[in-house]
Amino acid sequence: MRLIATEEAFAPREYIDAFLKLSANLDTPVSRYLAIYYGKAEAVRQLTDLEYRLAEMDRFGVDMHLLSITGPGVQFFDAGFGAELAALANDHLADAIRRHPARYAGLGAVAPQDPNAAAREVTRAVAELGLNGIIINSHTHGEYLDDPKFWPIFEALVAHDVPLYLHPTFPPDAHIEPYSHYGMMGALWGFGAETSLHAVRLIMGGVFDAFPGLKVVLGHMGEAIPFWLGRLDNRYANIVRRGGLEPLGMKKLERLPSEYFTTNFWVTTSGMNTNPPLEFCLGMLGEDRVMWAIDYPYEQTAEAVPFIRNAPLSEAVMKKLTHANAESLFRIAPAG
Ligand code: MN
């Protein structure tokens with residue numbers, strides 16, 4: 001059974017160096033967090049050396065990594081440097097895929113700081129470099145993609161029919177303070193809270209009424225949103241009934257919030273290696289919208305592979321989760 005892992009991090013050396021340089025001049029919870037992850041030679045090698053991980057993939061029978069740039073993303077920087085790093089990362093990625101077409105596919109990075117330039121980079125990444133979609137690491141200096149100024153990016157994604165992987169990053173400065181205690185700003189809690197906020201903003205902001213063909217992927221079993229779908233619908237309908245849309249500055253949506261989630265979104269298992277949330281996501285979203293992921297190198301291949309291999313799924317569903325859904329969504333050629 002072909003195994004395609006769909007949220008696998010990499011980084012060009014220049015990108016890691018840029019964050020280390022930034023962290024060296026700062027002492028904030030985020031800079032301390034980055035130093036823990038990027039300050040270790042083994043972690044940096046896992047991210048930057050695209051030959052190194054192949055041995056681990058082989059050892060556990062992982063056929064392919066769908067690579068994407070690691071957090072916090074190129075939008076951490078100013079527009080010019082962000083775009084430069086994104087282009088460099090995309091070229092680096094395309095090179096690795098050319099060297100190992102059976103082992104790697106990849107998502108291009110873009111810097112939303114300049115939405116029109118980002119839209120052009122979507123086109124270059126997909127049409128010229130042959131990448132399989134785009135990753136954006138959540139907010140851009142505290143701004144979210146429901147803001148229409150970013151919509152040229154969605155136009156380009158829909159025009160090329162490729163998905164956006166909305167990946168976590170730290171909450172923005174405006175609301176990071178309560179997350180900055182007890183190490184909660186990162187993957188432990190802040191990442192999921194930030195990314196689910198972003199995804200719900202896309203839904204409530206009417207993005208999918210404007211772009212019905214837009215495809216969005218969330219990691220970590222949907223960043224808890226599958227659990228909230230009934231609540232989102234119930235509260236939205238309740239506000240509509242009370243005449244609250246206008247006073248609360250809300251959009252009149254064409255469909256219920258959950259309907260966008262179950263038609264425009266896909267989720268991956270990245271770092272969530274237990275059966276109850278998997279079964280729950282399958283129940284809420286159906287078998288065509290869930291894909292397996294490791295979240296290498298932050299999560300362990302040694303845990304993610306036995307989890308999916310032993311998951312209580314029929315052979316048909318197993319096929320979809322391990323590779324068929326990824327092949328169809330990311331247009332990855334079936335194994336020859
Ligand atoms: Mn990840």
Side-chain angles (χ1 to χ4, degrees), residues 3-12 15-16 19 30 33-34 36-38 40 42-48 50 53 56-57 62 64-76 85-86 89-90 93 96 104-110 131-140 163-171 179 183-199 216-225 265-274 277-278 281 290-305 307-308 321 326 329-330:
L3 264 187
I4 301 177
T6 53
E7 190 197 302
E8 312 314 319
F10 86 102
Y15 176 87
I16 300 289
F19 279 113
V30 168
Y33 190 98
L34 290 177
I36 288 173
Y37 280 92
Y38 295 164
K40 299 205 167 53
E42 172 66 7
V44 171
R45 184 164 190 205
Q46 287 175 322
L47 286 167
T48 57
L50 288 171
R53 71 179 67 196
E56 179 167 322
M57 291 167 67
V62 178
M64 179 178 267
H65 274 192
L66 177 71
L67 299 166
S68 51
I69 196 161
T70 197
V74 297
Q75 65 257 54
F76 213 77
L85 275 178
N90 296 343
L93 187 50
Y104 294 139
L107 304 176
V110 298
L131 300 181
N132 306 77
I134 294 296
I135 185 165
I136 294 181
N137 287 279
S138 200
H139 73 88
T140 300
L164 169 68
Y165 206 118
L166 191 65
H167 186 277
T169 191
F170 304 99
Y179 294 97
M184 286 171 59
M185 82 294 278
L188 187 145
W189 191 255
F191 282 5
E194 155 65 19
T195 313
S196 58
L197 168 73
H198 198 158
V216 178
V217 185
L218 295 174
H220 318 100
M221 302 270 195
E223 312 291 4
I225 295 175
F265 283 80
W266 281 253
V267 308
T268 77
T269 61
S270 54
M272 304 272 280
N273 297 320
T274 57
L278 176 64
C281 281
V290 182
M291 295 173 285
W292 177 69
I294 304 165
D295 208 356
Y296 176 94
Y298 306 107
E299 300 286 348
Q300 300 308 307
T301 309
E303 290 170 16
V305 170
F307 156 63
I308 196 67
L321 270 55
L329 180 64
F330 297 109

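Every heavy atom of this structure was used, including side-chain atoms; hydrogens, water molecules and symmetry mates were not. Order of appearance sets the numbers: ligands from 1, and atoms from 1 within every ligand.
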Under 3.5 Å, is there a donor-acceptor pair between the side chain of Ser138 and the main chain of Pro168?
no
So, 2.8 Å as the limit: is an N/O/S atom of His167 located closer than that to the Mn ion (ligand 1)?
yes
If the plane angle is over 60° it's perpendicular, under 30° parallel, otherwise tilted; pick one for His167 and Tyr165.
tilted
Taking the six-membered ring where the residue is Trp, are the ring centres of Tyr33 and Phe170 under 6.0 Å apart?
yes
Tell me, which N, O or S atom in Asp295 is closest to the Mn ion (ligand 1)?
OD1
Which N/O/S atom belongs to Glu7 and is the closest one to the Mn ion (ligand 1)?
OE2
Checking side-chain polar atoms at under 3.5 Å, does Thr70 have a donor or acceptor matched by the opposite partner on Tyr298?
yes
